[in-house]
Amino acid sequence: MKVLHFDLAAGFRGGQRQALLLHRNLLLAGIDSLLTVDAAGRLREKAAQDNIAGIVPLEVSRMRPDALARLRSSVSVLRLFRRVRPDIVLFHEPASLLYGPLAGSALRVQTRRVSFPIKPMSVRLKYRPLDLHVGVSEEISTYLRSLGLHHVHTVHSGIDLERFERPPASRPLAGNPHFKLLYVGAFHKMKGIEVLLAAFCKLASADVDRKLQLHLVGDGELLPAFRRDIEQQGLADRAVFHGFREDTEAFLVDADAVLVPSTYGEGSNGIIKEAMASGRPVIASDLACNAELMQAGVDGLLFRNTDAADLAQKIIELQRGDWIFDPDHLRATAARFSDTRMSSAYIDLYQRYLAERRPRKS
């Protein structure tokens, strides 16, 4: 079995971490796996840092839109297909689906990581010709089936549990006497940044003992406005901005509560799983995909989506001890979403669909 992956994103976020974990685990399972990456991207650098073999760099144009940039690389991709002759081609991000028609007789697979609607033209031209579709949540898989797509399966994104089994040497939040709220993620509208801001301002105004502190790890186009609003509210000393970091485990380990206020578009939120793997309680919006990962009141708390007052109330309840979550139980819940389980599920799908393609003996 020879698998050729495509993830040509320039940065290194949750999706790229997933692609790298799956590729690494296929190699460890003795499968011939290659991961095609942006030659100038962070994913290539991360693979080199982690000493992961089988990386195929591809020169990717920076022109916009992404579709034009990918089309410019079509000749190089076609040569790659002819040289590698893969049994399976797995596309980890939508723009690379443009290469589907070049894959010849290979089993063509795509992993859908977000719940954004897909344009009808894209469904016809990019998705329907594929052989196998993987949604990282049942919500996404149900949506893909509603488009008339066949051979749709759910495989939740996985996390590398080893990152959280050993406490980091440096704990950024350690020794802080405050009740530490932690947000890790991009500063984009879909992430519920406005909801987070409103909830924290409401809490801070009533926090006469000044015990609450908000730590924020991430970047994005809404970060400057968020920082400005915090300053205008007189809360600059209550919010700590750490910028974009890849070592999220160093922040999660000492957080009192991890906040996931996403309002739409999520797939299978990695921070929820990482927080549970760190034994830390999560307060997340009640999106269907979030509810797939955690049972409210058992594995964490869910608040009404977009409702800042409900988020603030859940924080108050956790702070005063209304809810107690056993760290060992949270870690056990996170273990259901290990990267090894994810990889095994993909291998099972590969073997099943390749077997169906083989001619049967008479």
Side-chain angles (χ1 to χ4, degrees), residues 1-9 12-37 43-58 80-81 83-93 96 99-100 103-113 130-137 141 151-166 246 249 267-268 270 273-274 277 293 331-358:
M1 182 193 304
K2 182 178 291 186
V3 183
L4 179 62
H5 307 258
F6 278 86
D7 193 318
L8 299 173
F12 186 80
R13 296 187 183 274
Q16 289 67 57
R17 188 184 293 279
Q18 293 299 311
L20 193 59
L21 282 173
L22 178 56
H23 166 63
R24 182 198 70 178
N25 288 352
L26 293 184
L27 291 175
L28 291 174
I31 293 173
D32 190 353
S33 180
L34 296 171
L35 173 58
T36 311
V37 302
L43 181 51
R44 183 185 185 184
E45 296 176 1
K46 183 63 175 174
Q49 290 175 2
D50 294 347
N51 296 312
I52 297 176
I55 303 300
V56 181
L58 185 72
L80 176 62
F81 282 138
R83 184 177 79 250
V84 174
R85 299 177 65 84
D87 300 300
I88 300 165
V89 177
L90 174 56
F91 300 108
H92 289 270
E93 28 89 31
S96 291
Y99 302 138
S105 61
L107 181 74
R108 293 166 295 176
V109 185
Q110 67 101 7
T111 297
R112 182 76 178 171
R113 302 189 185 283
L130 300 178
D131 304 297
L132 175 60
H133 306 270
V134 177
V136 299
S137 68
S141 295
H151 306 303
V152 178
H153 299 268
T154 299
V155 179
H156 281 284
S157 301
I159 59 172
D160 182 357
L161 294 176
E162 291 185 1
R163 291 175 53 210
F164 309 96
E165 290 173 354
R166 298 182 301 273
E246 293 175 4
E249 63 274 17
S268 184
K273 301 166 201 166
E274 292 182 359
L293 304 179
R331 294 186 184 98
T333 301
R336 298 180 357 224
F337 305 105
S338 71
D339 62 311
T340 52
R341 286 195 177 191
M342 172 190 70
S343 303
S344 294
Y346 272 97
I347 292 172
D348 289 345
L349 286 174
Y350 295 158
Q351 292 174 337
R352 168 183 166 183
Y353 280 88
L354 287 179
E356 290 178 357
R357 287 182 155 209
R358 298 189 188 105

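None of Val56, Leu43, Leu20 except one satisfies the side chain to side chain contact (heavy atoms under 4.5 Å, CB included) rule with Val37; the exception is Leu43. Test Arg341, Lys273, Arg24, Arg17 against Asp160 for salt bridge (charged side-chain N to carboxylate O under 4.0 Å, His left out) and you get one pass: Arg24. Applying the side chain to side chain contact (heavy atoms under 4.5 Å, CB included) test between Leu22 and each of Leu90, Asp339, Thr111 identifies Leu90 as the sole match.
Remark: aromatic rings of Phe81 and Phe6 are close, center separation under 6.0 Å.
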Determine, step by step, whether Leu80 and Leu58 satisfy the side-chain contact (heavy atoms from CB on, under 4.5 Å) criterion, reporting the C-alpha distance in whole Å, the side-chain angles of both residues, the deciding distance to 0.1 Å, and the verdict.
CA-CA 10 Å; Leu80 176 62; Leu58 185 72; 5.6 Å; no

Could you please spell out the steps behind the side-chain contact (heavy atoms from CB on, under 4.5 Å) verdict for Tyr346 and Val134?
CA-CA 9 Å; Tyr346 272 97; Val134 177; 3.5 Å; yes

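Side chain of Lys2 to backbone of Arg85: no donor-acceptor contact under 3.5 angstrom is found. Judged by distance alone, with hydrogens and angles left aside, the side-chain atoms of Thr36 form a donor-acceptor pair with the main-chain N or O of His5 at under 3.5 Å. Remark: the backbone N or O of Asp348 is not paired with any side-chain donor or acceptor of Gln351 at under 3.5 angstrom. Glu93 places a side-chain N or O within 3.5 Å of a backbone atom of Leu8 that can act as its donor or acceptor partner.
Aromatic ring orientation, His153 versus Tyr353: perpendicular (interplanar angle above 60°, classes split at 30° and 60°).
Residues His92 and Asp7 come closest through the heavy atom pair CB-OD2, 3.6 Å.
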